[in-house]
2 protein chains.
Amino acid sequence: MSPTHTEVTTGAADLDPCGRADHPDCGIRDVLDRVGDKWSVLVVVELASGPRRFRQLQRAIDGISQRMLTLTVRRLERDGLVLRTVYPTVPAQVDYRLTETGTSLTHLVKALADWSLAHRDIIAQARRAYDNGHPDHEIR
Amino acid sequence: MSPTHTEVTTGAADLDPCGRADHPDCGIRDVLDRVGDKWSVLVVVELASGPRRFRQLQRAIDGISQRMLTLTVRRLERDGLVLRTVYPTVPAQVDYRLTETGTSLTHLVKALADWSLAHRDIIAQARRAYDNGHPDHEIR
DNA sequence: CCGAATCCGCAAGGATACTG
DNA sequence: CAGTATCCTTGCGGATTCGG
């Protein structure tokens with residue numbers, strides 16, 4: 001019981017990821033709604049190495065279906081992250097490449113990958129510890 | 001602007017978000033599977049401002065249900081990103097705070113938020129252009 | 001106040017078949 | 001090759017109720 005806990009504000013906005021000290025849902029939801037899905041980031045990663053054609057992408061991204069690749073790449077195109085170019089050859093030939101905006105995203109993705117690799121062991125260890133301490137508890 | 005498109009493949013691996021030049025699915029899937037869900041990042045954001053109790057989190061994060069807050073916070077705890085402390089008062093009182101690992105994530109989240117804000121207008125514009133050029137096409 | 005447990009709708013995503 | 005169309009399963013997540 002600590003009724004005098006005061007407000008937690010304490011002017012401690014130094015670590016606030018948002019620009020504001022209060023809690024607007026920032027633009028974070030936007031990014032996540034855009035590339036937080038199952039495949040978008042992987043497409044961006046693949047395209048970061050250079051332009052790719054449809055089948056190339058599908059082969060490179062393990063487990064993706066044509067349907068999901070189509071949807072994913074269409075959404076990225078719509079948001080202006082990917083440029084889609086159709087060559088009127090026969091059979092049809094299409095290539096995808098990152099736009100300037102899309103390329104700017106790759107730096108973030110790299111940072112994410114770096115973070116993941118840097119903490120994967122610690123996280124795995126934390127999981128084992130948790131699961132060990134909560135034998136019967138099912139969380140996932 | 002892209003007057004001289006040049007080859008993005010200047011030696012190939014310079015922009016590769018992964019550590020490797022080839023295409024392993026890096027650790028990106030790991031991060032996204034962990035915090036790519038609907039609420040995790042928002043919880044991290046809120047906790048970045050300091051420790052919070054359950055109800056505080058729920059009130060701060062607009063629209064989240066107790067169920068989702070519980071699940072989210074439990075997963076974060078399991079992964080060692082959040083520390084959960086129970087005070088044996090009555091009624092029960094619990095607070096959540098970021099661990100070192102969790103705090104290290106906030107920097108990434110901030111970068112994400114920054115990117116989002118910096119590109120939101122361009123992306124919105126790209127969308128309008130796309131939707132304008134594809135009137136009847138339904139992508140979302 | 002802090003949850004766990006249950007029910008349930010809905011949308012994401014996989015599999016398959018077909019077209020240009 | 002590069003998609004489109006259709007069906008169908010899975011599980012996320014919301015609403016509600018009950019317990020400590």
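Note on naming: letters A, B, ... go to the chains in the order of the sequence lines (proteins, then strands), and numbering restarts at 1 for each one.
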**Student:** In plain terms, say whether A/R127 and B/D79 are close enough for a salt bridge, that is, a side-chain N and a carboxylate O under 4.0 Å apart.
**Tutor:**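 Result for this pair is yes, salt bridge flagged.
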
**Student:** Counting just side-chain N and O atoms, does B/R84 come under 4.0 Å of either OP1 or OP2 of C/dG3?
**Tutor:**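 True: B/R84 side-chain N/O within range (under 4.0 Å) of C/dG3 OP1/OP2.
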
**Student:** Between atom CD in B/Q56 and atom C1' in C/dC1, what is the gap in whole Å?
**Tutor:**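 Between C1' of C/dC1 and CD of B/Q56: 12 Å.
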
**Student:** Over the length of the helix from C/dC1-D/dG20 to C/dG20-D/dC1, how much do the five-pair end axes diverge, rounded to 10 degrees?
**Tutor:**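 Helix axis angle between the two ends: 40°.
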
**Student:** May I ask you to verify if any side-chain N or O of B/R74 is less than 4.0 angstrom from the OP1 or OP2 atom of C/dG3?
**Tutor:**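 Affirmative; the distance criterion is met.
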
**Student:** Between B/R67 and C/dC7, is there a contact of a side-chain N or O with OP1 or OP2 at under 4.0 Å?
**Tutor:**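 So the side chain of B/R67 is outside the cut-off, no N or O lying under 4.0 Å from OP1 or OP2 of C/dC7.
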
**Student:** Counting heavy atoms from C-beta on, name the nucleotide in D/dG13, D/dT17, D/dT4 closest to the side chain of B/Q66.
**Tutor:**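 Closest of the options to the side chain of B/Q66: D/dT17.
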
**Student:** Roughly how many Å is it from CG in B/L32 to P in C/dA12, rounded to a whole number?
**Tutor:**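 Rounding to the nearest Å, CG of B/L32 and P of C/dA12 are 16 Å apart.
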
**Student:** Nearest to the A/T70 side chain among C/dG3, D/dT4, D/dA2, which nucleotide is it?
**Tutor:**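 My answer, after comparing the listed nucleotides, is D/dT4.
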
**Student:** May I ask you to verify if any side-chain N or O of A/Y96 is less than 4.0 angstrom from the OP1 or OP2 atom of D/dC1?
**Tutor:**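 No, because none of the side-chain N or O atoms of A/Y96 sits under 4.0 Å from OP1 or OP2 of D/dC1.
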
**Student:** I need the OH-C1' distance between A/Y87 and D/dG3, as an integer number of Å.
**Tutor:**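 Computing the A/Y87:OH to D/dG3:C1' distance gives 18 Å.
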
**Student:** Using whole Å, report how far CD of B/Q93 lies from C1' of C/dC1.
**Tutor:**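 Rounded to whole Å, this separation is 8 Å.
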
**Student:** OP1, OP2 of C/dC1 versus side-chain N and O of B/R55: anything below 4.0 Å?
**Tutor:**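 Yes, because at least one side-chain N or O of B/R55 sits under 4.0 Å from OP1 or OP2 of C/dC1.
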
